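Contents: one structure, followed by commentary.
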Amino acid sequence: GAGVSQSPSNKVTEKGKDVELRCDPISGHTALYWYRQSLGQGLEFLIYFQGNSAPDKSGLPSDRFSAERTGGSVSTLTIQRTQQEDSAVYLCASSLAPYSAGGPQETQYFGPGTRLLVL
Amino acid sequence: KNEVEQSPQNLTAQEGEFITINCSYSVGISALHWLQQHPGGGIVSLFMLSSGKKKHGRLIATINIQEKHSSLHITASHPRDSAVYICAVLNTNAGKSTFGDGTTLTVKP
């Protein structure tokens, strides 16, 4: 079946512009995660959605970042007034269920990422 | 000090060798996650565990909650195992993950 897809695969923008990144999780997956990986850096958690619950926004680096998940499926990550330090690969992952007992339902499936470059 | 520490940072092995990658953490967790990132950038989840041991093929992951330590073992390593292996701890609310810096493994034929 189809995996997690993300669009666009690459995005080049000018400093100060807004960008919107899209994630299509695997159908039926209730949990959705956004991460980013800056060049030469490790992975960083951004935000987590579980079903219809309020998202865990604790990882968003500033109020320029926001995300929504419509209808419990597609998610968009929006970065307003982009800065050069926002340049990174933005990764989305989904899982059938959030972690509970370490079963296969909690396996996170990662999308290919969106490579964002802010000039 | 990072909340999640991996060692070694880099590891080079000969094909067939037994590999061990270590992960220590300093925070309370609900689970620990091992990920594999290939040179092309794609990330694959290997294991998620909160106790004991899990095995999948040539890969084995163990965790000791009391010692706040996990290990990832690769038996009979192969050049295709060359990748960055990342340890992540899921905080107690199970949403937020904190990541180690990764271990770059190179397996030579």
Side-chain angles (χ1 to χ4, degrees), chain A residues 3-6 9-10 26 29-51 53-61 67 69 88-116, chain B residues 2-7 9-10 21 23 25 27-56 59-63 65 70 83-104:
Chain A
V4 177
S5 60
Q6 293 186 244
S9 53
N10 291 280
I26 294 173
H29 280 198
T30 63
L32 186 146
Y33 309 78
W34 281 99
Y35 304 104
R36 76 174 175 182
Q37 188 171 36
S38 303
L39 186 63
Q41 304 285 326
L43 282 160
E44 178 185 2
F45 167 84
L46 295 179
I47 189 169
Y48 160 67
F49 294 89
Q50 171 52 36
S53 302
D56 176 358
K57 303 180 181 180
S58 59
L60 293 177
R69 188 178 185 193
V89 176
Y90 288 82
L91 291 152
C92 174
S94 70
S95 63
L96 191 58
Y99 185 81
S100 58
Q105 292 179 317
E106 293 82 29
T107 299
Q108 292 186 29
Y109 296 85
F110 283 76
T114 293
R115 193 173 301 272
L116 174 66
Chain B
N2 292 340
E3 292 180 340
V4 181
E5 297 271 358
Q6 284 187 239
S7 64
Q9 191 174 21
N10 295 283
I21 298 170
C23 176
Y25 53 93
V27 294
I29 69 169
S30 61
L32 186 140
H33 201 175
W34 281 103
L35 304 167
Q36 180 192 55
Q37 186 168 31
H38 279 281
I43 294 178
V44 175
S45 172
L46 298 175
F47 296 104
M48 189 176 283
L49 67 168
S50 62
S51 65
K53 178 168 96 172
K54 287 192 174 183
K55 184 177 189 292
H56 182 71
L59 301 177
I60 303 167
T62 64
I63 188 168
I65 296 296
S70 175
V84 177
Y85 291 83
I86 302 166
C87 167
V89 297
L90 277 69
N91 291 21
T92 50
N93 67 6
K96 179 177 179 178
S97 292
T98 304
F99 295 88
D101 289 337
T103 294
T104 301

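Each chain gets a letter, A, B and so on, in the order the sequences are listed, and its residues count up from 1. Worth saying up front: this structure is predicted, and the values here are computed from it rather than measured. No hydrogens, no waters, no symmetry mates; every other heavy atom, side chains included, goes into these values.
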Inter-residue atom distance [X].[atom1] - [Y].[atom2], 0.5 Å rounding:
X	Y	atom1	atom2	value
B:Phe99	A:Gln41	CZ	CD	14.0 Å
B:Ser97	A:Asp56	OG	CG	10.0 Å
A:Thr107	B:His33	OG1	NE2	6.5 Å
A:Leu43	B:Ile43	CG	CD1	4.5 Å

*Can you say whether B:Leu35 sits under 4.5 Å from chain A via the side chain, the backbone, both, or neither, judging by heavy atoms?*
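B:Leu35 touches chain A through side-chain heavy atoms alone.
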*asked:* The criterion is side chain to side chain contact (heavy atoms under 4.5 Å, CB included); which residues satisfy it with A:Glu44, sequence neighbours excluded?
replied: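 Testing A:Glu44 for side chain to side chain contact (heavy atoms under 4.5 Å, CB included), a comparison that skips the adjacent residues, returns A:Arg36.
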*asked:* For A:Leu91, which atoms come within 4.5 Å of any heavy atom of chain B: side chain, backbone, both, or neither?
replied: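 The answer is the side chain of A:Leu91.
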*Name all residues meeting the ring-ring contact (aromatic ring centres under 6.0 Å, His included) criterion together with A:Phe110; count only those two or more places apart in sequence or in a different chain, and write none if there are none.*
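Scan of A:Phe110 (ring-ring contact (aromatic ring centres under 6.0 Å, His included), adjacent residues dropped) gives A:Tyr35.
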*Work out which heavy atom in B:Ser45 is nearest to a heavy atom in A:Gln108; give both atom names and the distance.*
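In this case the closest contact between B:Ser45 and A:Gln108 is CB-O, 3.3 Å.
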